[in-house]
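Structure first, then comments.
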Amino acid sequence: MAEFKVTPWEVSGDIDYDKLIAEFGVEKLNDAMLERIKKHTKELHFMLCRKVFFAHRDMKFLLDEYEKGNKFFLYTGRAPSGPVHLGHLMPWIFTKWLQDKFNVELWFQFPDEEKFLFKQEMKFEDTQRWLNENMLDVIALGFDPKKTHFIIDTRDAGLMYKEACKVAKKITFSMVKSTFGMTNENNIGSIFYTSMQAVPAFLPSVLKGKEIPCLIPHAVDQDPHFRLTRDILPKLGHYKPASIQCMFLPPLGGVEGKMSASSAAEQAIFTTDTPEMVKKKINKYAFSGGQVSIEEHRIKGGNPDVDVSFQYLRMLFEPDDKKLQEIYRDYKTGKMLTGELKAILIEKINSFLKKHQAEREKAKAKVEKYLLKR
Ligand code: TRP
């Protein structure tokens, strides 16, 4: 078995998601659960059908409550540390769908101290610059400002700190060591940090003075935080948050690990990339499951399962199942060439980014609407 690693700070190797389910103790999203979700949403998002969102915790509890009229709120987040890339957008696009379908509030956390504490070279001033940039990408996705609240750790510390302390008091250093693999060498801010990430899972309940269930859509690497959160919250008189977890969008160079802004810039497509940059990155760097020559490709066909362009279509850019299946078949039989497959993806990404970048510009005037009232 190839080695892989999934922690909130590092994702690498050929990830075996079934093994991860067992290791983390999350539940696989099975068809019965999808049907149950569909009862409320009428249709299923392709990220659910295709098991891009593949696991959960406590969805049964969440839907039981929902069916009793006890609505939940959504909670997700982003630690500002660099430009937003396509991999970040994946869970956020799904979160937007959940917000629309269930008509619920979203609390979006920007822990602007997280990467400052965890990354040696990160300056606090830089996290603030990225915070301002990253908020634009979230707004650009179209979240309803009336139902969406940005919670920024240092800005909203006045609201959060008291609650974080209540969480922190229940967490020992040895729990943090065993959950995150921390050591005596970690700075004490990073040891405390998980209590800040726990807060949005119950802050709306505190502010409204009644217990409201919480659903956290997130990439599976964040699960250790919420494992701890789930242990602690009942001790503070709150519900355990439910969660729904997605896989990682692979980096351009191959299906291992995840798209990351900190690895080589050639491995990620950023939301601010120009059409020419997208074209060049896909053509030059997107790992291909095709054969070395056209002749050979026509005879043997390509392998869509390892082809990064196909995976981007499957996970993010081609919602139409029929079209996706056609591409799969044509590529596998050799009827479609790698260049043709890449051209489809480039077109999809660039038309998405054209709209996204226009919305991102407009977002500059909207930030205020999303911030918490102080
Ligand atoms: N720790 C996450 C990151 O590194 C940010 C985050 C905070 C988050 N709260 C969250 C992510 C809730 C998912 C869900 O970007």
Side-chain angles (χ1 to χ4, degrees), residues 6-11 24 26 53 55-58 72-96 98-99 105-119 122 126-127 130-131 133-135 137-138 141 143 148-157 159-160 163-164 167 176 179-180 182 189-204 214-230 232-233 240-249 258-263 268 271 372:
V6 176
T7 75
W9 346 110
E10 187 190 344
V11 175
F24 281 10
V26 292
F53 274 80
H56 73 99
R57 290 181 187 273
D58 260 349
F72 58 90
F73 68 93
L74 293 160
Y75 159 38
T76 195
R78 152 82 181 155
S81 55
V84 162
H85 57 61
L86 299 181
H88 297 127
L89 295 183
M90 204 166 72
W92 304 347
I93 288 171
F94 181 68
T95 300
K96 164 85 165 71
L98 287 174
Q99 178 177 59
E105 283 200 1
L106 164 65
W107 287 69
F108 199 110
Q109 181 180 32
F110 292 94
D112 54 335
E113 82 285 42
E114 179 182 354
K115 295 298 155 73
F116 171 70
L117 292 170
F118 280 91
K119 288 191 172 191
M122 184 67 66
D126 291 334
T127 67
W130 290 120
L131 166 67
E133 288 291 319
N134 295 175
M135 285 193 293
D137 284 295
V138 176
L141 293 177
F143 291 103
T148 305
H149 313 287
F150 288 178
I151 179 155
I152 303 168
D153 287 15
T154 65
R155 177 190 183 271
D156 300 316
L159 271 180
M160 297 181 75
E163 303 307 325
V167 176
V176 174
T179 308
F180 300 106
M182 282 183 184
S190 67
I191 295 163
F192 177 78
Y193 170 73
T194 193
S195 28
M196 289 299 278
Q197 190 158 326
V199 169
F202 65 96
L203 187 64
C214 169
L215 172 62
I216 313 173
H218 66 86
V220 68
D221 61 336
Q222 297 296 310
D223 184 67
H225 282 296
F226 300 125
R227 230 147 51 209
L228 261 186
T229 303
R230 285 167 53 82
I232 308 302
L233 294 209
K240 290 184 179 191
S243 59
I244 185 162
Q245 291 134 354
C246 69
M247 300 180 170
F248 306 103
L249 193 71
K258 68 166 180 178
M259 189 176 270
S260 153
S262 39
S263 56
T271 59
L372 291 181

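All ligand and atom numbering here is 1-based and tracks the order in the structure.
- Relative ring orientation between Phe226 and Tyr75 is described as perpendicular, the plane-to-plane angle rising above 60° on a 0-90° scale split at 30° and 60°.
- One finds no salt bridge joining Asp112 and Arg155 here, because no Lys/Arg side-chain nitrogen approaches an Asp/Glu carboxylate oxygen to under 4.0 Å.
- Side-chain contact of His218 with Thr76: a donor-acceptor pair under 3.5 Å is absent, judged by distance alone.
- Note on Arg230 versus Asp58: salt bridge recorded, some NZ/NE/NH1/NH2 to OD/OE distance being below 4.0 Å.
- Between the side chain of Asn134 and the backbone N or O of Trp130, at least one donor-acceptor pair lies under 3.5 Å.
- The aromatic rings of His149 and Trp107 sit tilted relative to each other, their planes meeting at an angle between 30° and 60°.
- Closer than 4.0 angstrom to ligand 1 lie heavy atoms from Tyr75, Thr76, Gly77, Arg78, Ala79, Gln109, Pro111, Glu114, Lys115, Gln197, Ile216, His218, Gln222, Phe226.
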